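Computed from heavy atoms alone, side chains included, the values below leave out hydrogens, waters and symmetry copies. Below, read A as the first sequence line, B as the second, and so on, with proteins coming before strands; counting in each chain starts at 1. A quick note: this is a predicted structure, and the numbers were derived from the prediction, not measured.
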Amino acid sequence: MPELPEVEVLVRFLAPLLPNKIVGDVDVRRARVIAPTSIRKLKTSLLGAEFTGLTRRGKFLLFNLQSPNRAEPFKLLGHLGMTGRMYLLPTRNALPKHAAVVLNLGDENFIFEDTRYFGRFTLDLSGLEKLGPEPLGEEFSTDYFAHGLSKSRQPIKVKLLDQSLVAGVGNIYASEALFRAGISPRLSARRLNSSQVERLRQSIREVLTEAIECGSTTPLDYSGSELRDRLFYFGSSGTDNFYEERLRVYDRQGQSCVVCGNPIRRIVQAARSTFYCRTCQR
DNA sequence: CACCATGTTCCTTG
DNA sequence: CCAAGGAACATGGT
């Protein structure tokens, strides 16, 4: 469920639930997700430690912990990859099939579940080093963005996925932001004029902000597998597909553009799908 | 069987 | 050294 808005909503949901909870057991069921941290190292660090906070950086979750054995607090870095979820589950509930890491916190377990195991739950914080600014922060300025784009010949859609340019935009919101800005995804990044750069910067902020607001009003009730995580774009069963309906171009090839009525196109860029309207986006 | 999927990293090529 | 392209990772849905 991973792009900046989904991670942000998850962090807001989990952050108040974690403080004062102490790790009583660490069960690593898929070692790849904690790499390069070893199982032993993770256990040594986490056993007896208390959660003190949770924040977000780009698509990463940053867990703050305090161990009674150490003077200094420490951090754990989480990433949801393509299919990751994190949630608290009563101890009596069965673990999900793809539980990658389970932390016992007393009468409930903290679950990191990830079908494809592309996610991370690790003491290695190096993933943060090359991140660009937060798109919703002041550092993501017009000048910064213009300068970053001016050096790249890549199509603008591909460049938006570069986490060192701006942190947190993924494949869905890249298409959505370009549609809102009326800019073709195929345009070379350095060919955007200054008004396009500014429109795109604003569009990125709006698209992400609206997605967070939308997600924040949804009950994030994961009691295991029955109640669905409504932030999941796909896998919506029955009525809860409103999330997809908010998207104006993503996964809508062949459907009518909400602005001009012409069909939404799907193209492939850097081996990933891009959706756009040829009429509205030049 | 084929192709598709919210992400990142590593390897190769130019 | 750098930018860009593609495969790889792993599993499931259609």
Has A:Arg32 got its NZ or CZ under 6.0 Å from the middle of the six-membered ring of A:Tyr117, at an angle within 45 degrees of the ring axis? no
Distance, rounded to the nearest Å, where A:Ile172 contributes CD1 and B:dC4 contributes P: 17 Å
Round to a whole Å and report the spacing from NZ of A:Lys130 to P of C:dC2. 9 Å
Distance in angstrom units between A:Asp251 CG and B:dC3 C1', rounded: 14 Å
Begin with the C-alpha distance, continue with both residues' side-chain angles, and end with the deciding distance and a verdict on side-chain contact (heavy atoms from CB on, under 4.5 Å) for A:Asn20 and A:Glu50. CA-CA 6 Å; A:Asn20 305 317; A:Glu50 179 180 341; 3.4 Å; yes
What does the list of N/O pairs under 3.5 Å between the protein and nucleotides 4-6 of chain C look like, with a distance for each?
from, atom 1, to, atom 2, distance (Å)
C:dA4, OP1, A:Arg153, N, 3.0
C:dA4, OP1, A:Gln154, N, 3.4

Per-residue pairing states of DNA chain C in dot-bracket (Watson-Crick or G-U under 3.5 Å; . unpaired, | other strand) read .||||||||.||||
A:Glu108: which residues meet the side chain to side chain contact (heavy atoms under 4.5 Å, CB included) condition with it, sequence neighbours left out? A:Lys21, A:Leu88
Rounded to whole angstrom units, what separation is found between the CG atom of A:Leu77 and the P atom of B:dG7? 16 Å
Let me know the distance between CZ of A:Arg190 and P of C:dC2, rounded to the nearest Å. 18 Å
May I have the distance from A:Leu4 (atom CG) to B:dG7 (atom P), rounded to whole angstrom? 11 Å
Rounded to whole Å, the CG-P distance (A:Leu165 to C:dC2) equals 17 Å
Identified side-chain contact (heavy atoms from CB on, under 4.5 Å) partner of A:Phe51 from the options A:Val23, A:Asn64, A:Leu14: A:Val23
Apply salt bridge (charged side-chain N to carboxylate O under 4.0 Å, His left out) to A:Arg29 and list each qualifying residue two or more places apart in sequence or on a separate chain. A:Asp27
Heavy-atom pair with the smallest gap, counting every atom of A:Ser203 and A:Ala177: CB-O, 3.4 Å
On a whole-Å scale, what distance lies between the C1' atoms belonging to B:dT6 and C:dA4? 23 Å
A:Thr115: what forms a side chain to side chain contact (heavy atoms under 4.5 Å, CB included) with it, not counting sequence neighbours? A:Thr83, A:His98
For A:Phe110, give me all partners under ring-ring contact (aromatic ring centres under 6.0 Å, His included), at least two apart in sequence or on another chain. A:Phe63, A:Phe121
Residues in ring-ring contact (aromatic ring centres under 6.0 Å, His included) contact with A:Phe179, at least two apart in sequence or another chain: none
Can you sort out the partners of A:Tyr276 under ring-ring contact (aromatic ring centres under 6.0 Å, His included), two or more places apart, ordered by chain and number? none
Cation over ring face, A:Arg56 and A:Phe60, 6.0 Å, 45°: no
Contacts of A:Lys159 that satisfy salt bridge (charged side-chain N to carboxylate O under 4.0 Å, His left out) - sequence neighbours left out: A:Asp162
Whole-Å P distance, B:dC11 and C:dA10: 15 Å
Heavy-atom nearest nucleotide on DNA chain B for A:Arg266 versus A:Gly170: which residue maps closer to 5'? A:Arg266
Partner set under salt bridge (charged side-chain N to carboxylate O under 4.0 Å, His left out) for A:Arg186, not counting sequence neighbours: none
To the nearest Å, give me how far apart CG (A:Leu61) and C1' (B:dG7) are. 14 Å
Each nucleotide in nucleotides 8-14 of chain C should get exactly one letter: B, S or -. Can you fill that in based on protein heavy atoms under 4.0 Å? -BBBS--
How far apart are the C-alpha atoms of A:Arg248 and A:Glu176, what are their side-chain angles, what is the distance that settles it, and do they pass the salt bridge (charged side-chain N to carboxylate O under 4.0 Å, His left out) test? CA-CA 7 Å; A:Arg248 303 206 188 149; A:Glu176 294 296 316; 5.7 Å; no
I'd like a list of close polar pairs between nucleotides 8-10 of chain B and the protein, N/O only, cut-off under 3.5 Å.
from, atom 1, to, atom 2, distance (Å)
B:dT8, OP1, A:His79, NE2, 3.0
B:dT8, OP2, A:Lys59, NZ, 3.0

